[in-house]
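Below: one structure, written as structure tokens.
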2 protein chains.
Amino acid sequence: MAKILIADDEDKIREVVREYAEFEGFEVVEAKDGMEAVEKAQSNTFDAIVLDIMMPRLDGFSACKKIKEVSDAPVIMLSARGEEYDKLFGFELGIDDYVVKPFSPKELMARIRVALKRGQKSQNRSDIFRYEGLVINVTAREVVIDGVKAQMTPKEYDLLFYLVRNINIALSREKLLEEVWGYDFYGDDRTVDTHIKMLRNSLGKYRNLIVTLRGMGYKFEKGN
Amino acid sequence: MAKILIADDEDKIREVVREYAEFEGFEVVEAKDGMEAVEKAQSNTFDAIVLDIMMPRLDGFSACKKIKEVSDAPVIMLSARGEEYDKLFGFELGIDDYVVKPFSPKELMARIRVALKRGQKSQNRSDIFRYEGLVINVTAREVVIDGVKAQMTPKEYDLLFYLVRNINIALSREKLLEEVWGYDFYGDDRTVDTHIKMLRNSLGKYRNLIVTLRGMGYKFEKGN
DNA sequence: GCTGATTTTCACCGTTTTGTCATAATGTTA
DNA sequence: TAACATTATGACAAAACGGTGAAAATCAGC
């Protein structure tokens, strides 16, 4: 589960955030001021960081800047609707989002969840592909079709996973041979066709997610 | 500059957003309800889309879902702090951000700017050519005309992509034959003409983006 | 080394694509 | 405007292409 850092000098706020966050299933670490936040963030194990702006020892902006040097976790700022309010919109510090005080804990949680999701999207290049009843889990090397685990040959998996990892990208037969079969494969282009055929059969009603690009190759395409 | 779509049934809101957005240098298109928003979004030329939730004919959630089918522009929702407020947090619709009414236009602009920035990072813009309702995606080997995927022959794609990659550059028939057909093609110059003809037909109302340079060759020209 | 599973090659075949050419249309120049 | 040069277009036969099934080759476990 996700681990988040909450930095605020008001005990009450930390307490409320912790309560809600743990209810959401997050692991929570607290910091009482900017310095402490920076120190704890050094470990770089957080999935998201919530910083109050007005804090003793080191303010939220400065803390954010320091933290961004070592971590790429999303940072959400807590701001009072006051003088620093405008500063937020510079977003030069790499702030990912902000919540205005007084805030609803529910909203903060929502924003944390969104920030986490966003991070995953850009990083984990969609390790799991879902489309209707089709689930392709690349790391688990597993394909589930309408609730039934699909039984495929190794090459089919390799080919499918490569296609999915390069979703919406046109791939020539040469490229596929090189990437899936290996650079040392000296065989017929048409081998790819045969495996595409088998893969399509294995995919059943989802066969048309693999699109033929005539004169070019193939492409895995997110269905419409 | 970025082009944004603002959909809200209240004239006053659209007016204010337009004013601020144009001040920011954005090109603004308005929609009075969800239906209109979806229709206008079909052109797929927007860099960001702002949707009110409560709208006649089609609500913001449904509109968002429809729009996400054809466009990958970030969607920012406008919500009243009320009953639909919680729904936002599902974020299953692919909502990128939201702003709670009554909002400060400044904040909305900031969020739009952030959404745009985020979008640029994840996509490789250079490979995608957009002009009005025409989207040419070279890596996906896909051409979308007013929301409809175009069906072209391999040579048409190759020729089009080469022209687009050399936008605003005059290309002789010899050059085109060498680059698109290959150096080992020993055929008639006029072959190019025929393929330009077919390509123009495939491009429909965008046919005149391909300009004939009499006595010289052809050129793909970004319309003004 | 036997056996069954997997991978690769290959040729057939219906379709699509392509290059050429004759003719029409359009632009250019005197 | 006439004469010429260049480009657009439609038609069509040849070539290219991809889906497929089957056979051959290879591999893996025993």
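Letters A, B, ... are given to chains in the order of the sequence lines, protein chains preceding strands, and every chain is numbered from 1.
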Are the charged groups of [X] and [Y] less than 4.0 angstrom apart, N to O?
{"X": "B:Arg57", "Y": "B:Glu36", "value": "no"}
{"X": "B:Asp193", "Y": "B:Arg173", "value": "yes"}
{"X": "A:Lys175", "Y": "A:Glu179", "value": "yes"}
{"X": "B:Asp158", "Y": "B:Arg141", "value": "yes"}

Please confirm whether any donor atom in the side chain of B:Arg200 sits under 3.5 Å from an acceptor in the base of D:dA8, or the reverse.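 Check fails, no donor-acceptor contact within cut-off.
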base_contact_polar (D:dG21 base, A:Lys197 side chain, donor-acceptor, <3.5 Å):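 Check passes, donor-acceptor contact within cut-off.
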Length of the [atom1]-[atom2] vector between [X] and [N], whole Å:
{"X": "A:Asp158", "N": "C:dT8", "atom1": "CG", "atom2": "C1'", "result": "16 Å"}
{"X": "A:Lys219", "N": "D:dG18", "atom1": "NZ", "atom2": "P", "result": "15 Å"}
{"X": "A:Leu159", "N": "C:dT6", "atom1": "CG", "atom2": "C1'", "result": "14 Å"}
{"X": "A:Arg214", "N": "D:dA15", "atom1": "CZ", "atom2": "P", "result": "16 Å"}
{"X": "B:Leu199", "N": "D:dT9", "atom1": "CG", "atom2": "P", "result": "12 Å"}
{"X": "A:Met198", "N": "C:dT9", "atom1": "CE", "atom2": "C1'", "result": "12 Å"}
{"X": "B:Tyr157", "N": "D:dC17", "atom1": "OH", "atom2": "P", "result": "17 Å"}
{"X": "A:Leu160", "N": "C:dT7", "atom1": "CG", "atom2": "P", "result": "14 Å"}

Do B:Thr191 and B:Asp188 have a side chain donor and acceptor closer than 3.5 Å?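 No, no side-chain donor-acceptor pair sits under 3.5 Å.
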Give the residues of residues 170-195 of chain A touching DNA chain D, defined as any heavy atom closer than 4.0 Å, sorted by residue number.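 Listed by number, they are A:Arg173, A:Arg190, A:Asp193, A:Thr194.
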With a cut-off of 6.0 Å (strictly less than), are more than 12 heavy atoms of other residues, nucleotides or ligands near CD of B:Glu15?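 No, the 6.0 Å shell around CD holds no more than 12 heavy atoms from other groups.
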Of A:Ile196 and B:Asn201, the one whose closest DNA chain D nucleotide lies more 5':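 Counting from the 5' end, the first nearest nucleotide belongs to B:Asn201.
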Non-hydrogen side-chain atoms of A:Leu213 and A:Tyr218 separated by less than 4.5 Å: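 Not in contact.
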Could you check whether A:Met152 gets within reach of a base, just the sugar-phosphate, or nothing at all, counting any heavy atom under 4.0 Å?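 No contact.
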